[in-house]
Structures are given as structure tokens and as C-alpha cells.
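Along the sequence shown, the residues carry numbers beginning at 1.
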Amino acid sequence: LRKWGDDFALAHGREPRIWLDRACVPQESIGEAIRCLPLYLAGCSTLLLLRGPTTLRRLWCVVELHIFLEMGGDMDRIQ
């Protein structure tokens, strides 16, 4: 993650702005927060996917990817 941030800063001349779903979405009230997920993802120019072996088998992760693409993102903007 640090290398990605350093590479971003070199390429764009500024530090990246990062929205972390786990930190920004209240985990005790995901049902309420999920309604805003399209707004959050529509505001993202790039989706940085930090994945492990089960990422694409977890519904929440797949839903986030789907919403990002539906809100105007494309595969080239997923890193």
C-alpha cells in the first residue's frame, strides 16, 4: 500500500485521497450505509482492490466491484 501511495504521488504530484470502506462504513449498521455506497463509489476515480484469497468469494466485495462498474467505473480503473 505504501508503494502504491508513493507511486501515485510521483505520478500525480500529490498524495492520494483514500476512502476505506471498512473504516468509513459503520460495521454495526451496514444496512443503512449500503444505501450510500453508490454515491461513495461514483466519486472514486480509481478503485484500489486490496485482495486476499477469499475476496472475490465474499458478497460484499463483489457488490462493491459491481457498483463501482455500474456507477461509471471501468475495469481499467481497478488496480
Side-chain angles (χ1 to χ4, degrees):
L1 186 55
R2 179 173 296 276
K3 180 177 177 350
W4 176 86
D6 291 344
D7 291 346
F8 182 96
L10 283 173
H12 300 280
R14 65 173 178 83
E15 296 294 319
R17 289 183 296 272
I18 299 175
W19 177 83
L20 297 171
D21 67 347
R22 179 78 179 188
C24 297
V25 172
Q27 300 300 297
E28 65 281 350
S29 59
I30 288 177
E32 294 173 26
I34 199 167
R35 288 181 281 193
C36 295
L37 192 58
L39 295 174
Y40 299 141
L41 291 169
C44 296
S45 58
T46 302
L47 182 65
L48 177 64
L49 180 62
L50 303 176
R51 67 180 188 93
T54 64
T55 300
L56 297 178
R57 288 183 274 180
R58 287 182 282 154
L59 182 58
W60 178 259
C61 299
V62 174
V63 166
E64 282 190 42
L65 286 168
H66 175 74
I67 292 173
F68 176 75
L69 294 170
E70 286 297 312
M71 296 305 294
D74 58 54
M75 293 299 289
D76 293 335
R77 291 179 25 217
I78 298 174
Q79 297 181 359

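Taking a cutoff of 4.0 Å between a charged side-chain nitrogen and a carboxylate oxygen, Arg2 and Asp6 do not qualify as a salt bridge.
Of all heavy-atom pairs between Val62 and Leu56, the closest is CG2-O, 3.5 Å. Closest approach of Glu64 to Leu41, counting heavy atoms only: O-CD1, 3.4 Å.
Residue Arg14 qualifies as enclosed at atom CZ: its count of foreign heavy atoms under 6.0 Å is above 12.
Under the 4.5 Å side-chain heavy-atom criterion for Ile, Leu, Val, Met, Phe, Trp and Tyr, Leu20 and Tyr40 are members of distinct hydrophobic clusters. A continuous path of ILVMFWY side-chain contacts below 4.5 Å connects Met75 to Val63, so both sit in one hydrophobic cluster. At a threshold of 4.5 Å between side-chain heavy atoms, the hydrophobic network of Ile, Leu, Val, Met, Phe, Trp and Tyr places Leu49 and Leu37 in one connected group. Linking Ile, Leu, Val, Met, Phe, Trp and Tyr whenever their side-chain heavy atoms come within less than 4.5 Å puts Met71 and Leu65 in one cluster.
In this structure, Ile67 and Glu70 have side chains that are not in contact, with every pair of non-hydrogen atoms separated by 4.5 Å or more. Within the 4.5 Å cutoff, the side chain of Leu69 has heavy atoms near those of the Ile78 side chain.
By the ring pair (Phe, Tyr, Trp, His ring centres under 6.0 Å) test, Phe8 is found to be paired with Trp4, His12, residues two or more places apart in sequence or in another chain being considered.
Note that CG of Leu47 and CG of Asp74 are 11.0 Å apart. Values are rounded to the nearest 0.5 Å.
The closest donor-acceptor contact from the side chain of Arg77 to the backbone of Phe68 lies at 3.5 Å or more, if one exists at all.
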